[in-house]
Amino acid sequence: MKFNLTNKDLQSKARAGIVSTDHGDILTPIFMPVGTAGTVKAVHQRELKDDIKAHIILGNTYHLYLRPGLKIIEKAGGLHKFNGWDKPILTDSGGYQVYSLSGTRKIKEEGVVFQSHIDGSRHTFSPEYVMDIERTIGADIMMAFDECTPYPCEYDYAKKSLDITHRWLDRCIERYKTTECPYGYSQTLFPIVQGSVYKDLRIKSAEYIASKNMGGNAIGGLSVGEPAEMMYEMTELVCDILPADKPRYLMGVGTPTNILECIALGIDMFDCVMPTRNGRNGMLFTSQGIINIKNEKWKEDLSPIDENGTSYVDSFYSKAYLRHLFSSNEILGLQIASIHNLAFYVWLVGEARKHIIEGDFLSWKNKMVKQVSTRL
RNA sequence: GGGGAGGUACCAGAGCGGUCAAAUGGGGCAGACUGUAAAUCUGUUGGCGCAGCCUUCGGAGGUUCGAAUCCUCCUCUCCCCA
């Protein structure tokens, strides 16, 4: 994997670049749709590629390991072959599940003992094992195994957690360096900065991660319930420390506003379940603002879903029709909302990139933040 | 014509003398959702001058300190027999 930083905004810390992988290029800033179980929920690969124009999608180590399991993925020749996505894939390590499934796991120095949310069976994820799993899944970008701390989080716990995440990182790197992709292309490991909302911990972590000199770096443990201002503060602090010549990935963020603000702070890559999950729950993000398509006000509105939208569903279907689909619990509604939202997210970061290159990013961003956060 | 069952909030349906403005489900309305245990979850659903009051359980009258609940008549619906 290579990163070519092509443009720097003069009025903010925003940048544009190209991440090159063996499965193709990723133009940054980029939004990466989340495909936890090897599928971006409710969206076909063809729509993902041709309509939404996603450059890269996510998969999840924990979920794929439990189901369908490594055997079948290996037999298929990796996740790309298994799900038919021949562009780049990034796998989250399961560190987020250490946080979200906290009721069914135990953290030890060796690793994390999990209980499967599916059948209750016990499994152990060590940093080494997670690297092996991610090798088998075959993602172009593999995430280090970390602990995503909750919010709020006591300083002492955050510090302890950070230290273990760092020790796990060393073990991840060691395993990463002594193994290779079973399918013949290259895979890159991204370490993850933690430290909750504590400046000194974030600085310490960012410096540690920077010193590892990996192909790209991630910021985790944010957007877990802390105020947005706190998230921006931590993001900026960390971005200023992480090397400029490596892509920076802010994990799990966020709303369109969050993304625009964090691009301005120097983030290159984002992922979030919001466009898909909230879409399935009736929330549409548009350049003019946020729509809850289930609301009665759209009942007789036969105008297009999004007049300015780039996806074919935006002009092909009306708001009233989409509302009808949601009211009737029709599966197509989930598909349309997911396609629309993903296309909007990808369009939004693409526009950001365009304005960074053209040099008027900041004014465009400020105008856009107001628009996209409006409630329609 | 004879016999029986029943009419409860938007719908279905519990309640059968006071703790009932009325369970529960559906529907309606609104909100939440940030490296996905989510086609999920939460709230609300008679009115108002809202810690209280007013009007509601087919209609009218009655019994009672007190009625959606008991009695009388009326009315409508459904089922069985002829």
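So you know, we letter chains A, B, ... as the sequences are listed, proteins then strands, and number each from 1. Quick caveat: nothing in here was measured; it's all calculated off a predicted structure.
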Notebook entry, point to check: Can a salt bridge be assigned to the pair A:Lys212 and A:Asp170 using a cut-off of 4.0 Å between side-chain N and carboxylate O?
Noted result: yes

Check: Say you pick atom C1' in B:U77 and the same atom in B:G17; how far apart are they, in whole Å?
Finding: 28 Å

Check: Would you say B:A32 has OP1 or OP2 under 4.0 Å from some side-chain N or O of A:Asn281?
Finding: no

Notebook entry, point to check: Heavy atoms under 4.0 Å, any strand shown: does A:Asn258 hit a base, just sugar-phosphate, or nothing?
Noted result: base

Item checked: Base paired to B:A12 (Watson-Crick or G-U; both N/O distances under 3.5 angstrom) -> B:U24

Next item on the list: Using the P atom as the reference point in each nucleotide, state the distance between B:U63 and B:A9 in Å, no decimals.
Entry: 28 Å

Note to self: Check this one for me: any side-chain N or O of A:Asn295 less than 4.0 Å away from OP1 or OP2 of B:G31?
What the structure shows: yes

Note to self: So, does A:Gln97 get its side chain near the phosphate of B:G35, meaning an N or O under 4.0 Å from OP1 or OP2?
What the structure shows: no

Next item on the list: Kindly say whether, by distance alone, the side chain of A:Asn292 makes a donor-acceptor pair under 3.5 Å with the base of B:G31?
Entry: no

Item checked: Ionic contact status for A:Glu296 with A:Arg323, cut-off 4.0 Å -> no

Item checked: P atoms of B:G61 and B:A67, separation to the nearest Å -> 14 Å

Note to self: Does the plane of the ring in A:Phe145 sit parallel, tilted or perpendicular to the ring in A:Trp168? Use 30° and 60° as the thresholds.
What the structure shows: parallel

Next item on the list: Respond yes when some side-chain nitrogen or oxygen of A:Arg280 is under 4.0 Å from OP1 or OP2 of B:U40, and no when none is.
Entry: no

Checklist line | A:Phe114 and A:Phe125: CA distance, side-chain angles, deciding distance, ring-ring contact (aromatic ring centres under 6.0 Å, His included) verdict | finding: CA-CA 8 Å; A:Phe114 276 104; A:Phe125 270 18; 5.3 Å; yes

Checklist line | Out of B:G35, B:U34, B:C33, whichever nucleotide has its closest atom nearest the side chain of A:Cys148 | finding: B:G35

Check: So what does A:Arg67 touch, heavy atoms closer than 4.0 Å: a base, only the sugar-phosphate, or nothing?
Finding: nothing

Notebook entry, point to check: In whole angstrom, what separates A:Leu101's CG from B:G35's C1'?
Noted result: 13 Å

Checklist line | Base paired to B:U40 (Watson-Crick or G-U; both N/O distances under 3.5 angstrom) | finding: B:A32

Check: Going by heavy atoms closer than 4.0 Å, what residues in residues 192-207 of chain A are next to RNA chain B?
Finding: A:Ile192, A:Gln194

Next item on the list: Please give the nucleotide sitting opposite B:G18 as a Watson-Crick or G-U wobble pair, both distances under 3.5 Å, or none.
Entry: B:C65

Margin query: Measure CD/A:Glu226 against P/B:G35 and give the value in whole Å, please.
Written below: 12 Å

Note to self: With rounding to the closest Å, how many angstrom separate the P atoms on B:A68 and B:A21?
What the structure shows: 9 Å

Check: In whole angstrom, what separates A:Asp271's CG from B:U36's C1'?
Finding: 10 Å

Margin query: Please report the distance, rounded to the nearest Å, between CZ in A:Arg277 and P in B:G35.
Written below: 6 Å

Check: Out of A:Val98, A:Thr124, A:Leu101, A:Val130, which one pairs with A:Val112 under the side chain to side chain contact (heavy atoms under 4.5 Å, CB included) rule?
Finding: A:Val98

Note to self: Expressed as a whole number of angstroms, how long is the span from A:Ile56:CD1 to B:G35:P?
What the structure shows: 16 Å

Check: Should the pair A:Glu154-A:Lys159 be classified as a salt bridge under the 4.0 Å nitrogen-to-oxygen rule?
Finding: no

Next item on the list: For residues A:Tyr129 and A:His123, establish whether the separation of their ring centroids is below 6.0 Å.
Entry: no

Margin query: Roughly how many Å apart are B:C79 and B:G59, using the P atom of each and rounding to a whole number?
Written below: 24 Å

Next item on the list: Return the orientation label for the A:Phe361 and A:Trp364 ring planes: parallel under 30°, perpendicular over 60°, tilted otherwise.
Entry: tilted

Check: Across the strands shown, which category fits A:Gly221 at heavy-atom distances under 4.0 angstrom: base, sugar-phosphate, nothing?
Finding: base

Item checked: Distance in angstrom units between A:Ile291 CD1 and B:A30 P, rounded -> 14 Å

Item checked: Whole angstrom value for the distance that separates P of B:U34 from CG of A:Asn60 -> 15 Å

Note to self: Applying a 4.0 Å non-hydrogen cut-off, can you work out what A:Glu330 is touching in the nucleic acid: base, sugar-phosphate, or nothing?
What the structure shows: nothing

Check: A:Asn278 CG to B:U40 P: how many Å, rounded?
Finding: 14 Å

Margin query: Taking any heavy-atom pair under 4.0 Å as a contact, classify A:Asp146: base, sugar-phosphate, or nothing.
Written below: base

Check: Can a side chain N or O of A:Thr36 be found less than 4.0 Å away from OP1 or OP2 on B:U36?
Finding: yes

Next item on the list: Please give the nucleotide sitting opposite B:U77 as a Watson-Crick or G-U wobble pair, both distances under 3.5 Å, or none.
Entry: B:A5

Check: What integer number of Å spans the C1' atoms of B:A39 and B:U19?
Finding: 41 Å

Item checked: Electrostatic pair A:Asp9:A:Arg15 at N-O distance under 4.0 angstrom -> no

Next item on the list: Using the P atom on both, measure B:C16 against B:U64 and round to a whole Å.
Entry: 24 Å

Next item on the list: Please give the nucleotide sitting opposite B:A82 as a Watson-Crick or G-U wobble pair, both distances under 3.5 Å, or none.
Entry: none

Next item on the list: Would you mind classifying the nucleic acid contact of A:Thr276 as base, sugar-phosphate or nothing, using non-hydrogen atoms under 4.0 angstrom?
Entry: base

Check: What nucleotide among B:G35, B:A37, B:A39 has an atom nearest to a side-chain atom of A:His63?
Finding: B:A37

Note to self: Assuming nearest nucleotide by heavy-atom distance, tell me which of A:Gly254 and A:Ser327 is located more 5' along RNA chain B.
What the structure shows: A:Ser327

Notebook entry, point to check: So, do A:Tyr312 and A:His340 have ring centers that fall under 6.0 Å from each other?
Noted result: no

Next item on the list: Under a 3.5 Å limit for both distances, which nucleotide forms a Watson-Crick or G-U wobble pair with B:G46, could you say?
Entry: B:C54

Notebook entry, point to check: For atom C1', what is the distance between B:G13 and B:G26, given to the nearest Å?
Noted result: 11 Å

Notebook entry, point to check: A:Arg323 or A:Tyr96: which one's nearest nucleotide on RNA chain B is closer to the 5' end?
Noted result: A:Arg323

Check: So does A:Ser100 reach the base of B:U36 with its side chain, donor to acceptor, closer than 3.5 Å?
Finding: no

Notebook entry, point to check: Got a salt bridge between A:Lys87 and A:Asp140, using NZ or NE/NH1/NH2 to carboxylate O under 4.0 Å?
Noted result: no

